[in-house]
Amino acid sequence: MMVLGIETTCDETSAAVVTRSPSGASDIRSNVIRSQVEIHSPYGGVVPEIAARAHVEVLDHVIAEAMRQAGVDYSELSGIAAAAGPGLIGGVIVGLTTAKAIALAAKKPLVAVNHLEAHALTARLTDGVAFPYLLLLVSGGHTQLLAIEDVGKYTRLGTTLDDAVGEAFDKVAKMLSLPYPGGPQVEEQAKHGYSARFPFPRPLLGRREPDFSLSGLKTAVRLEADRLAPLSDEDVADLCASFQAAVVEVIADRVRAGARAFRDRLGRGPTALVVAGGVAANGMIRESLAKVAAELNTRFAMPAPVLCTDNGAMIAWAGAERLARGIRDRLDVSPRARWPLDPAAAASASARA
Ligand code: KG4
Ligand code: ZN
């Protein structure tokens, strides 16, 4: 089957055409990504209203380009998939409404995809990973360890108690006056910094529950930066390197705890350790996770960076995985700003709060 996927939940406008064979083999026929980074950078972060308008302006062209590059006609598609959340609601509405219009006009099924599910299933698109696997989802808004047991069956093993990892990277970048988006900037600075200069805290290290906490670490960086101000280039590089080293160590430890929780819950180890979400583009984090996977005696799967950050191919693929199981949505399906992957875990967390 061949699916058109549309992604507009944050600051990337993307459309892609992806095929999936009955055996699960995949082919990315096109993956057009138009980033809004330049539009938002004067504001130091994504401005939701501006994002929604920018999606409206370019989405039709992005879809036309994805179809042209794939060399296919709408009549050849098996379905239209769009990210229906979670994300910035204005952008989600733009993508989902466009997908509905195409589905209606082309008389094709519509699939409303959860953006997080798309990140979660990307390793099956890129590496053909079999269920069940352990997923570390690390993006700007989410930091979770999940058991990915089947399409639609996701158990949250652990989550962040405060900031997401990507959010911490972005906030550290901001306090060091590095441009938005912060993650790649901090990684670049860290390359020529001295990571042992600042012994920042490693929150929750050694804790049995596979949860995360980043805000104490972020605050420690802020206090050190305030103490040193005005910062030299060397200070900035050393702060970034020391911060990144702490994050890397915390993530490795939390993933080990996640692997134990996975085994306790499923009575077996994962087929693979998979990392997904924008932060998975970070080279040091990828390297460290490869070592953890080797320790755990499991395969390590990391999609190429362009498929870790937001893109249409992952939406098209998640749509194809759902269509292959006979799952489709009605044309009146609603966009959702919030949409947890494991509703049971989210409900118990909000009951506790
Ligand atoms: O998944 P994503 O593209 O968007 C969502 O949040 O859904 O993730 C974006 C996040 C941002 O916080 C960004 O700073 C972070 O991923 N990020 C990185 C790197 N590249 C992107 N963080 C650390 N190192 C990177 N190389
Ligand atoms: Zn994302």
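Every number for a ligand or one of its atoms is a count from 1 in the order of the listing. The first residue in the sequence is number 1, and the count goes up from there.
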* Structure fact -> One finds that the ligand 1 atoms under 4.0 Å from a non-hydrogen atom of His119 are 1 (O)
What do you reckon, does [X] have a nitrogen or oxygen under 3.5 Å from a nitrogen or oxygen of ligand 1?
{"X": "Thr309", "answer": "no"}
{"X": "Gly140", "answer": "yes"}
{"X": "Gly166", "answer": "yes"}
{"X": "Gly183", "answer": "yes"}
{"X": "Glu12", "answer": "no"}

* So does His115 have any N/O/S atom less than 2.8 Å away from the Zn ion (ligand 2)? -> yes
Measure the distances from the heavy atoms of [X] to every atom of ligand 1 and state whether one is below 4.0 angstrom.
{"X": "Cys10", "answer": "no"}
{"X": "Gly141", "answer": "yes"}
{"X": "His115", "answer": "yes"}

* Asked: Looking at Asp310, which of its N, O or S atoms is the nearest one to the Zn ion (ligand 2)?
  -> OD1
* Nearest neighbour in protein (non-hydrogen) for atom 12 (O) of ligand 1 -> Asp170 OD2, 2.7 Å
* Do me a favour and list the nearest non-hydrogen protein atom to atom 17 (N) of ligand 1 with residue, atom name and distance? => Gly278 O, 3.6 Å
* Going from CD on Glu117 to CD on Glu321, what distance comes out if it is rounded to the nearest 0.5 angstrom? -> 8.5 Å
